[in-house]
Amino acid sequence: MSAPIRVRFAPSPTGYLHIGGARTALYNWLLARQQGGTFVLRMEDTDEERNTDAARQTIFRGLDWLGLTPDEGPEQGGPHGPYSQSERMPVYLEWAERLKESGALYPCFATREELAELRARQEAEKAPVFGYDGRYRDLDPAEARRRIAAGEEHTWRLRVPRGETVVLKDLIRGDVAVSSDDIEDIILLRANGTPVYNLAVVIDDHDMAITHVIRGEDHLTNTFKQLIIYRALGWDEPTFAHLPLILGPSGEGKLSKRKHPEAALELYQQKGYPVEAVVNWLAMIGWSLDDKTEIMSREELVRSFGLDRVSAAGARLPMDKLDWLSGEYIRAMSLEEVEAGFRPFLVEAGRLSADPNDAERLRLRRIAAAEKDRVRRFGEIVERTDWVFAAELDFEPKALANLGKAEAASVLEGYLGEVLPKTDVEDPAAMEADARSWAEGRGLGFGKFVHPVRAALTGRTAGPGLFDCVAILGREESARRLAAGLERARGASAGGA
RNA sequence: GGCCCCGUCGUCUAGUCAGGUCCAGGACACCAGGUUUUCAUCCUGGUAACAGGGGUUCAAAUCCCCUCGGGGUCACCA
């Protein structure tokens, strides 16, 4: 119907990529891809004190990981740059100047101390309204000029109209109306002459031709201020959509990094959740396709996503659901993909060379085959393979008990001596057939066979299929462990009998 | 405290705009059973919610009002 949409994600680089921010970025990106629009990344880095280059990088790399690479942004450039607010100061100042000329702004000589005092008194008196009381709003212009000329410190405030109703047409919340009397005369230029966030945002969204501002609900009250700035500047406002907030997993408050480690996107990468699972999960927090669809690929999301089905209510982070989804994604992967997922974790744990040799590759393949159905995130593979790489097995009590059973010694001895040497350790199914026929020949139940062998090989009672374990260890190491287990079993029966 | 947003199973949600097909559906989690050499997967079944109170209506999870609860925001931060 009209020009393609232009959306943006505008984080401030203060340390990490917030999971809620990641979702905001995803929703924006989804819409841009779906409608052939443009996804812009803009750094809101006007606060020099708090911003670091490391934090910028964290945001860039986080978006890369999620596959939400901007069409325009600090790294990729574009026709509406620069895309970092720190580089756009002249632009803001220019518009601020026009606002001064038009009389929309007035100088305010209230000092920080004065304002703090005012606020303290308002709180003490339980005043109905907090905030600036407009004490310099009607200062005589000549007097103002005189004080400025005298070098008196001052900020510039926006003369917010009185007695008007400001209506925000929000795609998710519908029409939200607020009285302009509830909005104080906001500072647009600080005493040091720098512009304030709300001014910068309006100018940027306008200059960058943003058509839809999709952001967290925490910006809802800012929007009314911004609406007034749009009016003062004589610009048309974009369409707004305020997303419900993501709350901490156990309820109270929005996610903060201090209280909730899961607020940081990096955590998910570190724990080894497949990206596509994270994307799927994020999309479903606050949005749903219908009453049953849970698993959706990125392509399906691009096709079906829509703001009209975004919920207005805040949501807790459903961590259990991520674990489940992640497991589903891993199970749907090819063996090669699972290997690739495990690889960095095993390398980091020192269990795999960065450039693995053939034997290592083979072992990785076998581990992947054995654990693919069991693991819910790739990072689990480290502790799950402790038994494989342990120089000395750390036996669980139950496993030890299994080695102490009456038939344990003869089973181990038989498997070690008669079966293992000629069974095909490359082929778990074949090994199982061999073992079964051997056990049957002895009139042994398969369970009686399996338990002591598993105990000797892994020191545990639970884990991958027994013959996957043999395959992972290889013939030689399996034999060594079986022999060691046999010794224990004999010791146990000798001591016990 | 002012202003604003929100309120369906423990959790994520469908249903609310266009009232009946909803003694409320799905998923995760949980519990029970089955398959399996263990675990996991897989299969079957189960527990579990319309925040409360008033209206309107033949009929309300759906519309209106009040209460309660949760959240956001009130910086010369962004």
Side-chain angles (χ1 to χ4, degrees), chain A residues 10-14 44-47 49-51 85 108 110-112 115-116 119 122-123 125-131 153-157 168 170 172-174 176-179 181-184 186-192 194 196-198 200-201 216-224 242 244-245 247 249-254 281 284-295 309 311-325 327 331 371-376 398 402 432 435-436 439 445-451 453-454 458 460-467:
Chain A
S12 41
T14 53
E44 313 232 307
D45 57 352
T46 53
D47 186 347
E49 309 259 308
R50 294 202 296 161
N51 299 316
Q85 291 189 328
C108 171
T111 62
R112 289 172 198 265
L115 259 14
R119 197 195 155 77
Q122 286 168 336
E123 278 182 40
E125 290 171 0
K126 294 199 192 267
V129 177
F130 291 174
E153 272 219 339
H154 62 283
T155 59
W156 287 86
R157 289 186 185 264
L168 161 65
D170 190 280
I172 294 170
R173 273 146 235 288
V176 183
V178 151
S179 163
D181 294 347
D182 290 323
I183 303 170
E184 66 174 24
I186 45 183
I187 293 176
L188 256 34
L189 288 176
R190 302 184 183 102
N192 66 8
T194 60
V196 116
Y197 164 81
N198 278 311
V201 168
E217 194 191 347
D218 49 342
H219 285 286
L220 197 63
T221 49
N222 274 325
T223 306
F224 295 99
H242 288 91
L245 257 20
L247 281 10
S250 44
E252 286 67 42
K254 63 174 177 178
W281 177 63
M284 295 297 182
I285 303 174
W287 176 83
S288 65
L289 175 65
D290 53 30
D291 59 344
K292 51 176 88 64
T293 310
E294 304 281 344
I295 298 181
R309 291 195 59 86
S311 156
R316 301 177 183 194
L317 262 195
M319 299 306 295
D320 281 345
K321 212 143 192 176
L322 173 61
D323 284 333
W324 167 74
L325 254 180
R331 267 170 256 130
E371 292 286 3
K372 185 179 172 212
D373 282 354
R374 270 160 256 268
V375 127
R376 310 196 103 191
K398 273 192 171 178
N402 284 339
E432 177 170 349
R436 277 188 190 275
F446 199 52
K448 298 250 183 207
F449 167 84
V450 163
H451 296 307
V453 176
R454 174 183 298 281
T458 70
R460 304 191 173 195
T461 55
L466 181 57
F467 303 100

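Everything quoted here is computed from the prediction, not taken from an experiment.
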Base, sugar-phosphate or nothing for [X]? Non-hydrogen atoms, less than 4.0 Å.
X: A:Ala10; result: nothing
X: A:Arg119; result: sugar-phosphate
X: A:Asp323; result: nothing
X: A:Ala110; result: base
X: A:Ala191; result: base
X: A:Thr223; result: nothing

Counterpart base for [N], defined by Watson-Crick or G-U wobble contacts under 3.5 Å:
N: B:U11; value: B:A27
N: B:A78; value: none
N: B:U21; value: none
N: B:G2; value: B:U73

Between [N] and [M], how far is it from one [atom1] atom to the other, in whole Å?
N: B:G53; M: B:C68; atom1: P; value: 15 Å
N: B:U41; M: B:A60; atom1: P; value: 43 Å
N: B:U37; M: B:C31; atom1: C1'; value: 25 Å
N: B:G72; M: B:C12; atom1: P; value: 15 Å
N: B:G34; M: B:G71; atom1: C1'; value: 45 Å
N: B:U56; M: B:U44; atom1: C1'; value: 46 Å
N: B:A14; M: B:G26; atom1: C1'; value: 7 Å
N: B:U73; M: B:G55; atom1: P; value: 39 Å

Atom [atom1] of [X] to atom [atom2] of [N]: distance rounded to whole Å?
X: A:Ile285; N: B:C28; atom1: CD1; atom2: C1'; answer: 13 Å
X: A:Leu247; N: B:G71; atom1: CG; atom2: C1'; answer: 6 Å
X: A:Leu245; N: B:C6; atom1: CG; atom2: C1'; answer: 11 Å
X: A:Leu168; N: B:C3; atom1: CG; atom2: P; answer: 18 Å
X: A:Trp281; N: B:U11; atom1: CH2; atom2: C1'; answer: 12 Å
X: A:His242; N: B:C6; atom1: NE2; atom2: P; answer: 13 Å
X: A:Trp287; N: B:A14; atom1: CH2; atom2: P; answer: 10 Å
X: A:Arg173; N: B:G7; atom1: CZ; atom2: C1'; answer: 13 Å

Between A:Asp323 and A:Trp281, does a side chain to side chain contact (heavy atoms under 4.5 Å, CB included) hold up when you go through it step by step? CA-CA 10 Å; A:Asp323 284 333; A:Trp281 177 63; over 6 Å; no
Just by modelled atom types, is the [Y] backbone N or O under 3.5 Å from a matching donor or acceptor in the [X] side chain?
X: A:Gln122; Y: A:Gly131; result: yes
X: A:Arg376; Y: A:Gly327; result: no
X: A:Arg173; Y: A:Ala312; result: yes
X: A:Arg309; Y: A:Trp287; result: no
X: A:Ser12; Y: A:Thr14; result: no

I'd like to check [X] versus [Y] (side-chain heavy atoms, cut-off strictly below 4.5 Å). Are they in contact?
X: A:Leu220; Y: A:Leu168; answer: yes
X: A:Glu217; Y: A:Leu245; answer: yes
X: A:Glu294; Y: A:Met284; answer: no

Please determine whether a side-chain nitrogen or oxygen atom of A:Thr221 lies at a distance below 4.0 Å from atom OP1 or OP2 of B:C3.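 Checking B:C3 against A:Thr221, no side-chain N or O comes under 4.0 Å of OP1 or OP2.
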Where the side chain of [X] is defined as all heavy atoms beyond and including C-beta, which of [options] is the nearest nucleotide?
X: A:Ser288; options: B:G71, B:A14, B:A78; result: B:A14
X: A:Val178; options: B:C3, B:G71, B:C6; result: B:C3
X: A:Glu184; options: B:A75, B:C42, B:A78; result: B:A75

If you compare all heavy atoms of A:Ile285 against all heavy atoms of A:Pro318, which two are closest, and at what distance to 0.1 Å?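 So the two residues come closest at CD1-CD, 3.8 Å.
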Please produce a list of atom pairs where a protein N or O lies less than 3.5 Å from an N or O of nucleotides 29-39 of chain B.
unit_1 : atom_1 : unit_2   : atom_2 : d
B:A29  : OP1    : A:Arg376 : NH1    : 3.4
B:A29  : OP1    : A:Arg376 : NH2    : 3.0
B:U37  : OP1    : A:Arg436 : NH2    : 2.3
B:U37  : O2     : A:Arg454 : NH2    : 3.3
B:U37  : N3     : A:Leu466 : N      : 3.4
B:U38  : O2'    : A:Thr461 : O      : 2.8
B:U38  : O2     : A:Gly463 : N      : 2.8
B:U38  : O2     : A:Gly463 : O      : 3.1
B:U38  : N3     : A:Arg454 : NH2    : 3.0
B:U38  : N3     : A:Gly463 : O      : 2.7
B:U38  : O4     : A:Gly465 : N      : 3.3
B:C39  : O2     : A:Arg374 : NH1    : 2.6
B:C39  : O2     : A:Gly463 : O      : 3.1
B:C39  : N3     : A:Arg374 : NH1    : 2.2

By nearest heavy atom, map A:Met284 and A:Arg309 onto RNA chain B; which one lands nearer the 5' end?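 Counting from the 5' end, the first nearest nucleotide belongs to A:Met284.
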Please figure out whether A:Ala312 or A:Leu317 has its closest RNA chain B nucleotide nearer the 5' end.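 Result of the comparison: A:Ala312.
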Side chain to side chain contact (heavy atoms under 4.5 Å, CB included) with A:Ala10: which residues, sequence neighbours excluded?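 Scan of A:Ala10 (side chain to side chain contact (heavy atoms under 4.5 Å, CB included), adjacent residues dropped) gives A:Arg8, A:Arg42, A:Glu44.
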Mark yes or no for a side-chain to base donor-acceptor pair under 3.5 Å between A:Asp45 and B:A78, with no hydrogen or angle criteria applied.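 Flag unset: no donor-acceptor pair detected.
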I'd like a list of close polar pairs between nucleotides 22-26 of chain B and the protein, N/O only, cut-off under 3.5 Å.
unit_1 : atom_1 : unit_2   : atom_2 : d
B:G25  : N2     : A:Asp291 : O      : 3.3
B:G26  : N2     : A:Glu294 : OE2    : 3.3

Ring-plane angle category for A:Trp156 and A:His154, please: parallel below 30°, perpendicular beyond 60°, tilted otherwise.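 Plane angle over 60°, so perpendicular.
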